[in-house]
Participant: 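My questions will all concern the structure given below.
Chain naming here is simple, since letters A, B, ... match the order of the sequence lines and numbering starts at 1 in each. Quantities reported herein were computed from a predicted structural model and do not represent experimental measurements. Just the heavy atoms: all of them, side chains too, but no hydrogens, waters or symmetry mates, feed the values below.
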Amino acid sequence: MILVWLIIVPSIGAILAGLLGRWDARWSRRVSIVAMAINLALVLYLWLRYFSPSALAGQGPWLVELEQPWIPQLGISFHLAMDGLSLLLTALTAFLGIASVVASWNEIRERVAFFHFNLLWALAGITGVFLALDLFLFYFFWEMMLVPSYFLFLWGHERRIYAAVKFFVFTQVSGLLMLLAILGLYFVHGQSTGSYTFDYMQLLGTPVGGTLATWLMLGFFIAFAVKLPMVGVHTWLPDAYTQAPTAGTVLLAGLMAKTGGYGLLRFVVPLFPNAALDFAVFALPLAVAGILYGALLAYAQTDIKRLVAYSSLGHMGFVLLGIFAWNDLALQGAVVTMIAHGITTGALFILVGALQERVHTREMGRLGGLWETMPRMGGVTLLFALAALGLPGLGNFVGEFLVLVGTFQTNIAMAVAASAGVVAAAIYALWFIQRTFQGPNPLGWRLPDFSAREGALMAVMVAIIAWLGLYPQPVLDAAGQSLANLQRYAGQPRAETSRYVGAGVPAGPPPEAEVAALKDQGANMGRAKLLLSRTTLGSKDGSAGASPSRFGPAGTPAPTQSVVPPRTPSRGGEP
Amino acid sequence: MTLDDLLVLLPFLVLAAATVVVMLAIAVYRHHLLTAALTAVSLVLAFGSLFVVPSVASPRQVTPLFVVDGYALFFLGLLFAASFAVILLSYGYLEKQEGNREEYYLLLLLATLGSAVLVASTHFASFFLGLETLSVSLYALIAYPRLRENSTEAGVKYLVLAGASSAFLLFGMALIYAQLGTMEFSRIASAQAADGNPHSPLVLSGSAMLIVGIGFKLAVVPFHMWTPDVYEGAPAPVTAFVATLSKGGVFALLLRYFTQVDLRSYSSLFVAIGVIAFASMLAGNLLALLQNNVKRLLAYSSIAHLGYLLVAFMAGGPLGATAVAFYLVAYFVTSLGAFGVVTLLSGPDRDADSLEDYRGLVWRQPWLAGVFTAMLLSLAGIPLTAGFVGKFYLLAAGVGPGLWLLVITLVVTSAIGLFYYLRVVTIMYMRPAEEEGATAVPTLSRVGSLAVVALALVLVWLGVYPTQVIQMIQATVAGLV
């Protein structure tokens, strides 16, 4: 029931904020903060409850689960479930929800009630996306978050309508493609097993033929790639991120981008393991292209918000890279990057928004030397710029490092190329600080520094990003088991990865020493080490779809433990 | 005719009697509220009589002309409810108008009766009679505000084109009769099977002409030319009627006919309907992009929606039939709601059909703007509304038998559709122009507002918990297949 509350609380909050705000705008803000704070408290409660060492043993795949028939005629159920991955992302949603309300405290002055209605409604939809385990329900929430986020553009900047429509059309078309893929999967599953259902756990391991699997996988992939966004389908991003109001941008970049990453993790690879791994040949270069392209274009921008927008493109490239590298380290890295990017980019957009509110321009040429007048804001911005460039000690570093290490194991060339992106990030991030806060102040800006509210918000965000950088263990712990499950659902795709390393890798069981070495290497990665199992079950030639062992058993409701090769260290077996 | 036969026909008899009663009432005492109330009560009675019928017999063939089965009962209920909503909307609208208002209700009842006859017909004769009762009443309804120029124009346009389409329909029926010697749907099916030649030119051309006639009523491309003008010219509540009851009744008949006479046996007709569906989706959505008049915009959008419906219709089978029925319910609620808002905002001189009428509506009429937003989002197929579940159903029906081209067209065109729905929505939420002392806030009809809000609630209910309605549809409609 607690999962339903996570969705109901923001929905009720939305309605209350919409109603009370007509009477007094301040109540909209208060109600919104309270609603998201309740959500955050609920998630943290779940975190503490389920991730204490004692509670970890003997746990099923889901921490909390709820299933109710909804439209039984079509095999649709109201199926919500939370695992570590969902938990992290719902926590991020609740936190960034609060941050968006705080950040728009002064920025939004008209139609306050309607603004908060949309904001909370979108947050309810996003929370639902992270929790839904029925594909119909997932699509329902996926679409539900769209309209309110479209409306948030109404409070945006000069070219808001253009940006809003572009955003909406991109996401809607890709969403409908996903719907087609969902329906295709539904019928394939129904025809092969006789039970027509949208339930994720049952659809896992549906045997889909080669070409059809690729098409269905692409339907899902495009929808998620647009949200992420991946380079190639990213053209809505600079406009949308720039034109939306601060809260809208935080929502888009901090949360909706994560729904894309989440979807890839939860649906694309587990549902179509072979098709997805064949597609990795394209996805990995696209991810690297995103990293480099984002960094390059960020460097070329003179509009500070656009700069942050393009940097976000680069960071999400790391997420895509980590997901399609599909091994323990890379996946852990992708999750940490998602969380860290949510905080960093959220903070940067809030800072840029606060700056624009003060100087009424986003043009870097008109800024400069602001440190002398706003030292606190300068310091915090510098810190988050450093986080964005991947400075060790801050959250993004952990994520990007893990992604690079993981990718290195499967595809050295891509890892090397992606590392270049880290360097490029340093250039634009420092350039950005240089042009805005350092140097002379030619226009003689005299601006108010942080208000208490902004300062408090930034203090919390700084604390989180430092915590992620210094002690990421809780996050790794939380994500670890869900990632292990996802890998299990996807069968043993890592056998495939030998193709990227090179033909010379032996397909047989790896030497025990290597496993041990890898375990040592991963010793600091906490749960990640549990997952380090270099099982290579796949056939020697690695041809996709030929080896039944990489599928779940056809037709069974859910792939069971039996697909896991006996050598995989089971969770319970680890002391 | 036994007593049971009469009992089974009770819904029709109630409606037919009601027209006489209302006519006499007008002759004795001309009073707007009284007439409207009488009409509304008779519709409620007709609706109530639907629950008497199954206790007698269902399905039951009454004369060769009618069958009263679950399918017919379901659509009768839908039509009566929709007609009731139209009356609630019309009352406030007509209050603002000059001239005689009472005959309007008479015509409305007759049109409802015509469309009710359609959903229960199993014979060309009853099909044609129902269609003509509907059409003739609509000529008068469309041109009801006879002093408005474009209403008269719309009425005449509809008269000429509907006359032409009826001619096609009759000719088609004659050709089929000439070849097969029967006008009963079930016998046509069996005669055709016995004939052994499904591609007999007479039957094929006859069926093609039937499709022309029906296509005109449904306003699908290329028989859609009248739609924008008639939608624009007709008084807003009549537009709602044309959009829903008229099309819904004909679609129910189309589905019944081509389920009994298997559509897939005529491959050329199947392809032709596919082309019609494709063209309707594309043209409807593309042309709607260019409109600055809300009624015309909704007209083009309705062309597109009928195209969507044809996709599920072509998919056939129980899933297709259920999808059609559910989408029709969703479409009825949505269209009635959308035109209901237009009706409420309309003044005595002109209907509120210009996009400018809606600028900043949320500031003047927040509830109404909310309802209109919900309706437009439902037309666009956004979750939490009936339109979302409906579109999902259509896609599911289309994907099943693998009509990929049509399904992808549906997806792409509904994305195009978003543009113009969002355009209207965005305009409602924009700041109104400053100097606006002139446009006084119109007083809203209470009954009408109530109806519109109720429709919005139904819309959300269907969007969130459609199970009950789907159950009902499966119990009734799916029996057809």
Participant: Quick one: what part of B:Leu377 sits under 4.5 Å from any heavy atom of chain A, side chain, backbone, both or neither?
Facilitator: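 Only the side chain of B:Leu377 comes within 4.5 Å of chain A.
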Participant: So for atom CH2, which belongs to A:Trp27, do other residues, nucleotides or ligands contribute more than 12 heavy atoms lying within a distance under 6.0 Å?
Facilitator: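 Atom CH2 in A:Trp27 is not crowded, with 12 or fewer foreign heavy atoms closer than 6.0 Å.
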Participant: Could you check if a side-chain atom of A:Tyr150 sits within less than 4.5 angstrom of a side-chain atom of B:Ile382, using non-hydrogen atoms only?
Facilitator: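 Not touching, per the 4.5 Å side-chain cut-off.
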Participant: Less than 4.5 Å to any heavy atom of chain B: does that hold for the side chain of A:Ile182, its backbone, both, or neither?
Facilitator: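 A:Ile182 has no heavy atom closer than 4.5 Å to chain B.
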Participant: Can you tell me which portion of A:Ile76 sits under 4.5 Å from chain B's heavy atoms? Options are side chain, backbone, both or neither.
Facilitator: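 Contact with chain B: side chain only.
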Participant: Indicate yes or no: at least one non-hydrogen side-chain atom of B:Val411 is less than 4.5 angstrom from one of A:Leu179.
Facilitator: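 No, their side chains stay 4.5 Å or more apart.
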Participant: Given a strict heavy-atom distance threshold of 4.5 Å, which part of A:Phe153 is in contact with chain B: side chain, backbone, both, or neither?
Facilitator: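 When you check distances to chain B, no heavy atom of A:Phe153 falls under 4.5 Å.
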Participant: Is it the backbone or the side chain of B:Phe419 that comes under 4.5 Å from a heavy atom of chain A, or both, or neither?
Facilitator: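 For B:Phe419, side-chain heavy atoms alone lie under 4.5 Å from chain A.
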Participant: What part of B:Phe388 gets closer than 4.5 Å to chain A, counting heavy atoms only: side chain, backbone, both or neither?
Facilitator: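 Contact with chain A is through the side chain of B:Phe388 alone.
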Participant: So for B:Leu422, is it side chain, backbone, both, or neither that comes closer than 4.5 Å to the heavy atoms of chain A?
Facilitator: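 Both parts, backbone and side chain.
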Participant: What distance do B:Gln474 atom CD and A:Leu74 atom CG have between them, rounded to the nearest 0.5 Å?
Facilitator: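 If we round to the nearest 0.5 Å, B:Gln474:CD and A:Leu74:CG are 7.5 Å apart.
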Participant: Counting the benzene-type ring for Trp, do A:Phe140 and B:Phe392 have ring centres under 6.0 Å apart?
Facilitator: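 Centroid distance A:Phe140-B:Phe392: not below 6.0 Å, so no.
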Participant: Can you tell me if A:Arg22 has over 12 outside heavy atoms packed within less than 6.0 Å of its CZ?
Facilitator: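 Not buried by this count: 12 neighbours or fewer within 6.0 Å.
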Participant: If you tally heavy-atom pairs under 4.5 Å against chain B, which of A:Leu180, A:Val165, A:Val169 wins?
Facilitator: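 Highest number of heavy-atom pairs under 4.5 Å: A:Leu180.
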Participant: Are the side chain of A:Trp70 and the backbone of B:Thr467 linked by a donor-acceptor contact shorter than 3.5 Å?
Facilitator: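 Looks like no, no N/O pair under 3.5 Å.
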Participant: What option among A:Gln73, A:Met144, A:Gln172 has the most heavy-atom pairs under 4.5 Å with chain B?
Facilitator: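 Among A:Gln73, A:Met144, A:Gln172, the one with the most close pairs to chain B is A:Gln73.
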Participant: For A:Ile71 versus B:Pro466, what's the shortest heavy-atom pair and its separation?
Facilitator: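 Nearest pair, atom of A:Ile71 first, then B:Pro466: CD1-CG, 3.3 Å.
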Participant: Is it the side chain or the backbone of B:Leu418 that comes within 4.5 Å of chain A heavy atoms, both, or neither?
Facilitator: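 Side chain of B:Leu418 only, per the 4.5 Å heavy-atom cut-off to chain A.
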Participant: Check A:Val173 against B:Ala415 and note the closest heavy-atom contact, atom names and distance.
Facilitator: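 Heavy-atom minimum between the residues: CG2-CB, 3.3 Å.
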Participant: Who wins among A:Leu154, A:Leu146, A:Val147 for the most heavy-atom pairs under 4.5 Å with chain B?
Facilitator: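 Most pairs with chain B among the choices: A:Val147.
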Participant: Using heavy-atom distances under 4.5 Å, tell me whether A:Phe114 contacts chain B through its side chain, its backbone, both, or neither.
Facilitator: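 For A:Phe114, the contact with chain B is made by the side chain alone.
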Participant: In terms of heavy-atom proximity below 4.5 Å to chain A, should B:Leu319 be classed as side chain, backbone, both, or neither?
Facilitator: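 Contact with chain A involves the side chain of B:Leu319 alone.
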Participant: So, for B:Ser414 and A:Leu176, which heavy atoms are closest and what is the spacing to 0.1 Å?
Facilitator: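 Answer, listing the atom of B:Ser414 first, then A:Leu176: OG-CD1, 3.9 Å.
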Participant: Taking side chain as everything from C-beta outward and backbone as N, CA, C, O, which of these in B:Gln471 sits under 4.5 Å from a heavy atom of chain A? Side chain, backbone, both or neither.
Facilitator: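 B:Gln471 touches chain A through backbone and side-chain heavy atoms alike.
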